[in-house]
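Atom set for the values below is all heavy atoms of this structure, side chains included, hydrogens, waters and symmetry mates excluded.
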Amino acid sequence: MTQFTEASMLHPTRATHDAPKRAPAAPKSTAGELYGKSINLSGRRRFTSQRLVLYAVLASQGRDGALATAHDALATFREAHRALLEGELAPAMLGGELQQAYFGPDRADERIAAFIDLARRVLDAIPARGPGAAPLLEALVESATPLLATLNRLTQVYEDLARQQASSARKQLTSVMGDIEQIARHARIVSFNAQVVAARAGHSGREFAVVSGEFTQITGKLDGLVREAVRSAVAG
């Protein structure tokens with residue numbers, strides 16, 4: 001049976017108040033930021049694939065430190081590929097073209113996974129100096145060029161999508177700025193009419209005229225901001 005103490009009756013909500021507060025959610029990345037991250041990771045993947053093969057060859061020749069560098073390159077390559085397939089950068093999140101590029105007829109994801117597995121086996125075999133190390137290394141070297149072509153195609157898809165997104169954003173911004181500019185024109189008309197009414201009212205309309213004049217200055221500044229924003233959007 002549950003026992004209720006005097007303290008629990010006097011402070012029934014203390015546990016709730018003492019509970020640690022949750023950290024605020026991190027702001028979501030914009031589409032432009034997501035494509036920027038993707039392009040950077042895709043470029044890193046291209047670079048480390050070649051670095052991995054180079055240092056695997058050097059490690060097979062006994063170069064000091066080459067094997068450790070090759071392992072680091074493999075880890076970086078694998079992590080970049082994982083980041084491009086999961087979470088907010090996943091092909092399903094960024095568009096059907098990426099889904100097709102990774103999992104369509106070209107089988108890019110399958111090719112990359114096979115390269116990772118082959119590289120792992122090569123790096124494990126090199127220290128053993130067994131008879132299987134040489135053919136594995138040869139297969140890795142031969143796979144480097146076709147893999148690079150696949151990685152280049154994927155990077156191109158990311159870059160094309162980024163350009164499309166930027167173009168769409170500029171068009172949307174220009175449209176919004178056009179709406180704001182139209183509102184500003186109506187505001188100028190209202191301000192002008194208000195000044196006419198204030199002038200006809202004579203002394204009693206003096207304060208109203210001051211307010212109307214301030215309104216005119218504000219709409220003038222708004223016009224300038226709109227024109228600058230439109231120019232920046234189109235030029236960007």
Side-chain angles (χ1 to χ4, degrees), residues 23 25-162 165:
K28 292 185 177 180
S29 301
T30 64
E33 290 171 339
L34 292 179
Y35 284 119
K37 290 179 184 177
S38 298
I39 291 171
N40 287 337
L41 285 169
S42 190
R44 185 183 306 170
R45 195 170 50 181
R46 284 189 302 174
F47 170 74
T48 52
S49 71
Q50 302 304 294
R51 181 177 176 85
L52 167 59
V53 174
L54 171 62
Y55 278 90
V57 172
L58 293 177
S60 70
Q61 298 171 354
R63 182 73 61 90
D64 290 341
L67 186 61
T69 301
H71 275 293
D72 289 342
L74 176 58
T76 301
F77 180 89
R78 186 164 42 204
E79 177 60 24
H81 182 58
R82 184 200 61 77
L84 287 168
L85 291 184
E86 299 178 1
E88 62 183 5
L89 302 182
M93 301 294 291
L94 295 183
E97 292 179 55
L98 281 170
Q99 281 278 84
Q100 184 70 7
Y102 274 102
F103 308 111
D106 191 46
R107 308 193 316 277
D109 180 58
E110 183 180 325
R111 293 171 185 268
I112 294 170
F115 175 80
I116 291 173
D117 180 66
L118 176 59
R120 179 188 57 78
R121 287 188 290 142
V122 168
L123 298 186
D124 288 344
I126 286 175
R129 304 289 181 183
L136 283 173
L137 179 61
E138 184 178 354
L140 183 68
V141 172
E142 290 180 354
S143 71
T145 298
L147 176 74
L148 183 60
T150 296
L151 298 177
N152 284 337
R153 285 194 294 272
L154 289 171
T155 301
Q156 187 63 54
V157 173
Y158 284 116
E159 291 174 349
D160 290 344
L161 289 174
Q165 185 276 330

Are any side-chain N or O atoms of [X] and backbone N or O atoms of [Y], one a donor and one an acceptor, separated by less than 3.5 Å?
{"X": "Thr30", "Y": "Glu33", "result": "yes"}
{"X": "Arg111", "Y": "Asp106", "result": "yes"}
{"X": "Arg107", "Y": "Ala101", "result": "no"}
{"X": "Asp117", "Y": "Ala113", "result": "no"}

Practice task
Take Leu41 and His81 through the side chain to side chain contact (heavy atoms under 4.5 Å, CB included) test and state the conclusion after the steps.
Solution key: CA-CA 8 Å; Leu41 285 169; His81 182 58; over 6 Å; no

In Å and rounded to the nearest 0.5 Å, what is the [atom1] to [atom2] distance from [X] to [Y]?
{"X": "Ile116", "Y": "Arg82", "atom1": "CD1", "atom2": "CZ", "result": "11.5 Å"}
{"X": "Ser49", "Y": "Leu147", "atom1": "OG", "atom2": "CG", "result": "5.0 Å"}
{"X": "Glu97", "Y": "Leu161", "atom1": "CD", "atom2": "CG", "result": "4.5 Å"}
{"X": "Leu148", "Y": "Arg46", "atom1": "CG", "atom2": "CZ", "result": "7.5 Å"}
{"X": "Tyr35", "Y": "Leu94", "atom1": "OH", "atom2": "CG", "result": "5.0 Å"}
{"X": "Asn40", "Y": "Arg44", "atom1": "CG", "atom2": "CZ", "result": "7.5 Å"}

Do [X] and [Y] come within less than 4.5 Å of each other through their side chains, counting heavy atoms only?
{"X": "Phe77", "Y": "Ile112", "value": "yes"}
{"X": "Phe103", "Y": "Leu85", "value": "yes"}
{"X": "Leu123", "Y": "Leu52", "value": "yes"}
{"X": "Glu159", "Y": "Gln156", "value": "yes"}
{"X": "Leu151", "Y": "Ser42", "value": "no"}
{"X": "Leu154", "Y": "Arg45", "value": "yes"}

Problem - Evaluation steps, side chain to side chain contact (heavy atoms under 4.5 Å, CB included), between Leu98 and Tyr158 - result: CA-CA 8 Å; Leu98 281 170; Tyr158 284 116; 3.5 Å; yes

Nearest heavy-atom neighbours spanning [X] and [Y]:
{"X": "Ala125", "Y": "Ala133", "answer": "O-CB, 3.8 Å"}
{"X": "Glu88", "Y": "Met93", "answer": "O-CB, 3.7 Å"}
{"X": "Val122", "Y": "Leu136", "answer": "CG2-O, 3.4 Å"}
{"X": "Pro105", "Y": "Gln100", "answer": "CD-NE2, 3.2 Å"}
{"X": "Arg129", "Y": "Ala59", "answer": "NH2-O, 4.0 Å"}
{"X": "Ser60", "Y": "Val57", "answer": "OG-O, 2.5 Å"}

Practice task
For side chain to side chain contact (heavy atoms under 4.5 Å, CB included), just list the numbers for Tyr55 and Leu74, CA-CA rounded to whole Å, side-chain angles, deciding distance to a tenth of an Å, and then say yes or no.
Solution key: CA-CA 10 Å; Tyr55 278 90; Leu74 176 58; over 6 Å; no

Exercise for the section: Please test Phe115 against Leu118 for side chain to side chain contact (heavy atoms under 4.5 Å, CB included), starting from the C-alpha separation and ending with a verdict. Expected result: CA-CA 5 Å; Phe115 175 80; Leu118 176 59; 5.6 Å; no

Problem - Pair Arg51-Thr48, side-chain donor/acceptor within less than 3.5 Å - result: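 There is no such pair (donor and acceptor under 3.5 Å, judged by atom type) between the side chains of Arg51 and Thr48.
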
